[in-house]
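So you know, we letter chains A, B, ... as the sequences are listed, proteins then strands, and number each from 1.
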Protein chains: 2
Amino acid sequence: MATIYDVAKVAGVSPKTVSRVVNGDAPVGEKTRAKVEAAIRSLEYVPSSAARMMRSNRSGLIGVITGAIARTAELSDPKGLPDLFIVQGIQQIIAQQDLTLMIADTGGSFEKVPSLIRTFQQYRVEGLIYVADYHKQVAFDPVPQGCPLVLANCYDASGTPAVVPDDQSCQKSLVERLIAHGHRRIGYLTLDQDMLATPLRVAGYRDALQAAGVEFDPELVATGYKMTDGPSHEWLGAALDRMLALPNRPSVICCGNDEMAMRLYGLLRTRGIRVPEEISVAGFDNYRTIAETLYPSLSTVELPYAEMGRRSAELLLSLISEEAPPPHDPVRVPGGVFWRSSVIDLEPDRQTSKGG
Amino acid sequence: MATIYDVAKVAGVSPKTVSRVVNGDAPVGEKTRAKVEAAIRSLEYVPSSAARMMRSNRSGLIGVITGAIARTAELSDPKGLPDLFIVQGIQQIIAQQDLTLMIADTGGSFEKVPSLIRTFQQYRVEGLIYVADYHKQVAFDPVPQGCPLVLANCYDASGTPAVVPDDQSCQKSLVERLIAHGHRRIGYLTLDQDMLATPLRVAGYRDALQAAGVEFDPELVATGYKMTDGPSHEWLGAALDRMLALPNRPSVICCGNDEMAMRLYGLLRTRGIRVPEEISVAGFDNYRTIAETLYPSLSTVELPYAEMGRRSAELLLSLISEEAPPPHDPVRVPGGVFWRSSVIDLEPDRQTSKGG
DNA sequence: CGACTCAATGACATCGATGTCAATCGTCGT
DNA sequence: ACGACGATTGACATCGATGTCATTGAGTCG
């Protein structure tokens, strides 16, 4: 690999002059510049960022720790790929800034994190982002000073700068939309209670009811669908049957995620109930492969993962440049409703908002 | 950030001795080692890979170029995530070797590749893998010598070392299995003709028929499903109706991918045809979110993406160490059948192989 | 007891790029 | 014609780790 000295020799100038041509940080004579550029081309010279890094103490690297890559293949991905979308958002911002991303994968085991951080430190990354696979709380060994850390899709107890999805407002927006379409009896089959998102979303559900003056009926909320297979299939059927047996059964059922909604379609079909004519269905996640392909296509909410990625990266950059003080509370990013055909309009005469 | 000199000063030894402790490449006295290790801990010293790289000319970095990350979010991912799985396989092998992955994303635009390669060269990556999003032919500007390149899920005309999926043998395995279950009239709705995989898979389909002595009927193959939306929906319905109208209609229909199979379920249901009792369905890709969640669950084939990633990485490592000469032809990696409930056994009395 | 061996350690140069400072050259004003 | 000034250019030190070679000292053998 050619060095700056090789180029200098070929061009018949000093290495420093080559450096000036490459970086354009000082005036260089017209003819000299031409000679140097010719030499660079003929030798296919590419400056060594290692050497540059030593002088400048700036690596141009941002480290991302995630399980996105490994997890995808292992768990056959029933949940969509939140972390991947986040990484994408990060990538967008980082690439704009002419920085390079180093991605380290935990392979699903959290214990590897310290060693990954060590590797990043060896490369002197200028900042770190930890991306969680779903909204959760985490606890890290303190990260060395001088290398800012941002948590994405998670937060910790010690107030590390974090960016999280606004589950509560997302669910609220969805339910508001249902109400706007005339629904009042709104069933809700939630995810696992242990998931941080579950109580937040239920709170959002209740917020929307309250804002519309609709009374909350605990019978309409069933909590506990687990993503692992087996028993939950039965749980889902049982929960559905309980709701259907209510004296005043729901006109629409919200699901904890789109996959659950997909199963619900099957269960309703089995019971001879048409979607959406007899019962409407709403999902969560806007997992497009499901939501767009199902018939009827699924109305759902999208958590703003790519946006969260962008926000995390921007937050990190501002910490690196010390432009802004770290926020004390997690940044909450709102998402958006995707309106499709799985929810019927109960008051088509009254003018209601539509769109997607 | 502490340097090796700081550690040396604190421990009261020379920098070289610290280096010896860190790398364990020469004997160090018991007491000296203890002092040094204490100093390292107290200063939180982490060696600079930049400086190391300068001396040794070894970066410990492997570059991967892919569109996996950006594409996922943009195109809402109707095809599964082949490239992501490949990256995962690569990651597995690379991590084992104590190397670090740098992932650059093309953001979907192939023109960015040269600039990404340049960035990688600045970091002096020891090898490069280009990962394509589906099996295709590509053409690169020649990559600088001294940095081996492996193509994954694609190949070029100039014989660059490549690893590709064995579409032909995959489809063949699937059809063999169908035949083993007593099917003889086997419909096939293929993907877009422009896709490299399409003719390969049709060849595999015909291989299996021929091996079993089943006559090939061109009426049973309809080519041309495009993944873009709109017209293809109608194409699918029309192609299906044509097959159903045949005097001797197929007992099973193979689809170009699992998403197509999912749509086919809907179309068959609309026509009042039960799956699998009246017509069996097989997919392609083992896109689990679909294949496992559909009812009945979908029999399909999986292209060996993770394995391809592993192979690519291993191939790259062998090129780097110059252990083996580059293979002249692309390495073809076979996949596997996943047998579920969407294909009925037409000869349950005869003993046929099952499993998956 | 002296030559010799081997373990342990340090001095110094080196990798490639660049910041600092100094040198050179032509031009301009007076 | 002389000093000043700005535009170009180069010499040299430096970033942090490590390869090379020299040095020290303790123990061994004859």
Should the pair [X]-[Y] be classified as a salt bridge under the 4.0 Å nitrogen-to-oxygen rule?
X	Y	answer
Arg33(B)	Glu30(B)	no
Lys136(B)	Asp133(B)	yes
Arg310(A)	Glu314(A)	no

Starting from [atom2] on [N], measure out to [atom1] on [X] and report it in whole angstrom.
X	N	atom1	atom2	answer
Asn57(A)	dA17(C)	CG	P	17 Å
Tyr123(B)	dG16(C)	OH	C1'	15 Å
Lys9(A)	dG16(C)	NZ	C1'	13 Å
Gln121(A)	dA17(D)	CD	P	13 Å
Arg58(A)	dC15(D)	CZ	C1'	16 Å
Met54(A)	dT14(C)	CE	P	15 Å
Tyr45(B)	dG16(D)	OH	P	10 Å
Arg55(A)	dG16(C)	CZ	P	16 Å

Report yes if at least one side-chain N or O of [X] is closer than 4.0 Å to OP1 or OP2 of [N]; otherwise report no.
X	N	value
Tyr5(A)	dG10(D)	no
Ser19(A)	dT18(C)	yes
Thr17(A)	dT9(D)	no

Residues touching DNA chain D, which here means a heavy atom under 4.0 Å, drawn from residues 26-37 of chain B: none
Distance-only donor-acceptor pairs under 3.5 Å for side chains of residues 36-43 of chain A, two or more places apart:
unit_1   : atom_1 : unit_2   : atom_2 : d
Ser42(A) : OG     : Ala39(A) : O      : 3.1

Donor-acceptor under 3.5 Å (Thr100(B) side chain, Leu61(B) main chain): no
Ring center gap for Tyr130(A) and Tyr155(A) short of 6.0 angstrom: no
Find the distance between [atom1] ([X]) and [atom2] ([Y]) and round it off to the nearest 0.5 Å.
X	Y	atom1	atom2	answer
Ser48(B)	Met53(B)	OG	CE	8.0 Å
Asp105(A)	Gln91(B)	CG	CD	5.0 Å
Leu315(B)	Leu149(B)	CG	CG	10.0 Å
Ser321(A)	Leu319(A)	OG	CG	8.0 Å
Thr66(B)	Asn153(B)	OG1	CG	10.0 Å
Ile129(A)	Ile103(A)	CD1	CD1	10.5 Å

Most 5' of Ser14(B) and Ile4(A) on DNA chain C, judged by nearest nucleotide: Ser14(B)
Indicate, with a heavy-atom threshold strictly under 4.0 Å, whether [X] touches base, sugar-phosphate, or nothing.
X	answer
Arg52(B)	sugar-phosphate
Asn23(B)	sugar-phosphate
Val13(A)	sugar-phosphate

Non-hydrogen side-chain atoms of Gln121(A) and Met1(B) separated by less than 4.5 Å: yes
Terminal helix-axis angle for the helix from dC1(C)-dG30(D) to dT30(C)-dA1(D), with five pairs defining each axis and rounding to 10 degrees: 50°
Can you check nucleotides 20-22 of chain D for protein contacts, nitrogen or oxygen pairs under 3.5 Å, and list what you find?
none

Identify the pairs formed between an N or O of the protein and an N or O of nucleotides 25-27 of chain C at a distance under 3.5 Å, and give each distance.
none

Run the side-chain donor-acceptor check on residues 8-18 of chain A: report pairs under 3.5 Å with partners two or more places apart or on a different chain.
unit_1   : atom_1 : unit_2   : atom_2 : d
Ser14(A) : OG     : Lys16(A) : N      : 3.4
Ser14(A) : OG     : Thr17(A) : N      : 3.3
Ser14(A) : OG     : Thr17(A) : OG1    : 3.3

Residue from Ile86(B), Val150(B), Ile94(B), Leu101(B) passing side chain to side chain contact (heavy atoms under 4.5 Å, CB included) with Val64(B): Leu101(B)
